[in-house]
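Positions are given from 1 along the sequence.
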Amino acid sequence: MITIKNITKSFGSLQVLKGIDLHIGKGEVVSIVGPSGAGKTTLLQIIGTLDRPDTGIVTIDGIDATKLSQRKLAEFRNRHIGFVFQFHQLLPEFTAIENVMIPAYIAGKSQREARQRALELLDFMGLTDRADHKPAELSGGEKQRVAVARALVNHPDVVLADEPSGSLDSRNKAELHQLFFDLRDRFGQTFVIVTHDEGLAAITDRTIKMKDGLLL
């Protein structure tokens with residue numbers, strides 16, 4: 001599913017990634033752990049095509065993302081990759097279902113198709129009765145589940161999550177962690193999760209450890 005070969009990345013004189021080789025299989029739930037400054041988020045951004053490596057290759061589902069033009073890369077990202085951030089990043093002026101539908105609109109889906117998929121996902125998240133509520137009317141756990149639904153609306157091959165439960169209390173954190181596995185079983189998505197949460201890392205299929213820009 002995801003193959004990374006000899007990825008390096010520097011910001012000025014600081015080399016953040018120092019030659020990363022990694023393969024993640026389809027349907028895996030993988031965690032990336034390590035101290036602050038290890039390069040975890042930079043690696044996740046490169047896998048997600050939000051940033052380009054200085055050297056190396058990122059192949060997702062057989063496509064070398066490093067060779068795509070900016071326009072093609074934006075289309076590829078929208079259709080193949082979903083993102084979940086620590087702070088949900090929902091648009092406050094839109095309802096839960098509208099937030100979920102936005103990536104589908106960007107992908108050119110009809111309103112009917114986008115709404116049907118969004119309702120399916122919100123139902124799976126247990127949020128059907130919250131579909132018409134705006135983010136300010138939702139709890140922290142509900143907002144993060146809406147963000148997960150948004151990440152899944154275009155049937156992406158992989159979902160990338162950066163500290164997805166970092167802002168949640170213990171109960172909502174546990175529910176979100178279980179949700180990743182339920183979604184993998186239901187929809188077959190691959191999950192790559194950067195986390196400092198030892199509990200989450202312990203239950204993932206595989207834990208990848210990083211330090212000083214290298215895999216351990």
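No donor-acceptor pair under 3.5 Å is formed between the side chain of Asp51 and the backbone N or O of Gln45. No donor-acceptor pair closer than 3.5 Å links the side chain of Lys72 to the backbone N or O of Ala65. Formation of a donor-acceptor pair under 3.5 Å by the Asp205 side chain with backbone atoms of Val29 is found in this model. Judged by distance alone, the side chain of Thr207 and the main-chain N or O of Ala201 form a donor-acceptor pair under 3.5 Å. When atom types are taken as modelled, the side chain of Asp21 and the backbone of Asn6 share a donor-acceptor pair closer than 3.5 angstrom. No donor-acceptor distance shorter than 3.5 angstrom exists from the side chain of Asp132 to the backbone of Thr95, with no hydrogens or angles considered. Judged by distance alone, the side chain of Asn154 and the main-chain N or O of Pro103 form a donor-acceptor pair under 3.5 Å. Under a 3.5 Å cut-off, the side chain of Lys26 and the backbone N or O of Thr190 do not form any donor-acceptor pair.
Of all the heavy atoms in Thr49 and Arg77, the pair that sits closest is O-NH2, 2.7 Å. In terms of heavy atoms, Arg130 sits closest to Ala96 at O-CB, 3.6 Å. Leu121 approaches Ala149 most closely through the heavy-atom pair CD1-O, 3.3 Å. When all heavy atoms of His23 and Arg206 are compared, the closest pair comes out as O-NH2, 2.7 Å. Minimum heavy-atom separation, Val153 to Ala104: CG1-N, 4.0 Å. Between Ala118 and Met101 the shortest heavy-atom distance is CB-CG, 3.7 Å.
Linking ILVMFWY side-chain heavy atoms closer than 4.5 Å, directly or via other members, places Leu152 and Tyr105 in a single hydrophobic cluster. Linking Ile, Leu, Val, Met, Phe, Trp and Tyr whenever their side-chain heavy atoms come within less than 4.5 Å leaves Ile102 and Leu50 in two separate clusters. Residues Ile46 and Leu214 are members of separate hydrophobic clusters, defined by side-chain heavy-atom contacts under 4.5 angstrom among Ile, Leu, Val, Met, Phe, Trp and Tyr. Residues Leu176 and Phe124 share a single hydrophobic cluster, defined by chaining ILVMFWY side chains whose heavy atoms lie under 4.5 Å apart. Val84 and Phe187 fall within the same hydrophobic cluster, defined by Ile, Leu, Val, Met, Phe, Trp and Tyr side-chain heavy atoms under 4.5 Å apart, directly or through other members.
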Start with the C-alpha distance between Ile81 and Val158, add both sets of side-chain angles, then the distance that settles side chain to side chain contact (heavy atoms under 4.5 Å, CB included), and finish with yes or no.
-> CA-CA 5 Å; Ile81 304 173; Val158 59; 4.0 Å; yes

Apply side chain to side chain contact (heavy atoms under 4.5 Å, CB included) to Val192 and Ile32, showing your working.
-> CA-CA 7 Å; Val192 183; Ile32 301 176; 3.7 Å; yes

Walk me through it: do Asp61 and Met1 pass the test side chain to side chain contact (heavy atoms under 4.5 Å, CB included)?
-> CA-CA 5 Å; Asp61 200 22; Met1 169 56 66; 4.3 Å; yes

Apply side chain to side chain contact (heavy atoms under 4.5 Å, CB included) to Leu90 and Arg150, showing your working.
-> CA-CA 9 Å; Leu90 300 178; Arg150 179 183 58 190; 3.7 Å; yes

Evaluate side-chain hydrogen bond (donor to acceptor under 3.5 Å, both in side chains) for Asp123 paired with Thr128, printing each intermediate quantity in order.
-> CA-CA 5 Å; Asp123 179 62; Thr128 301; 3.2 Å; yes

Trace of the side-chain hydrogen bond (donor to acceptor under 3.5 Å, both in side chains) decision for Thr55 with Thr8 = CA-CA 5 Å; Thr55 67; Thr8 65; 2.5 Å; yes

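The only option from Leu160, Asp162, Val33 that meets the side-chain contact (heavy atoms from CB on, under 4.5 Å) definition with Val194 turns out to be Asp162.
Counted within 6.0 Å of NZ on Lys18, heavy atoms from surrounding residues, nucleotides or ligands total more than 12; the atom is thus considered enclosed. Surrounding NZ of Lys109 are more than 12 heavy atoms belonging to other residues, nucleotides or ligands, all under 6.0 Å away. At most 12 heavy atoms of other shown residues, nucleotides or ligands fall within 6.0 angstrom of atom CD in Gln116. No more than 12 heavy atoms of other residues, nucleotides or ligands shown are found within 6.0 angstrom of CD on Gln111. Surrounding CZ of Arg79 are at most 12 heavy atoms belonging to other residues, nucleotides or ligands under 6.0 Å away.
Comment: Arg117 engages Glu120 in a salt bridge, judged by a side-chain N to carboxylate O separation of less than 4.0 angstrom.
Residues Val100 and Val146 meet the side-chain proximity criterion, which asks for heavy atoms closer than 4.5 Å. Between Pro53 and Leu17 there is no side-chain heavy-atom pair separated by less than 4.5 Å. Side-chain contact between Leu200 and Ser31: absent, with no pair of heavy atoms (C-beta onward) separated by less than 4.5 Å. Looking only at side-chain heavy atoms (C-beta outward), Lys143 and Leu138 come within less than 4.5 Å of each other.
Residues satisfying the side-chain hydrogen bond (donor to acceptor under 3.5 Å, both in side chains) test with Arg71, not counting sequence neighbours, are Glu75.
Within the model, atoms CG of Leu179 and CD of Gln144 stand 10.0 Å from one another, a figure rounded to the nearest 0.5 Å. The structure places CG of Leu43 at 7.0 Å from CG of Leu215, a figure rounded to the nearest 0.5 Å. Interatomic distance, CG of Leu216 versus CD1 of Ile208, reported as 11.0 Å (0.5 Å rounding).
Residues in residues 187-199 take part in these salt bridge (Lys or Arg N to Asp or Glu O under 4.0 Å) pairs, two or more places apart or across chains: Lys173-Asp197.
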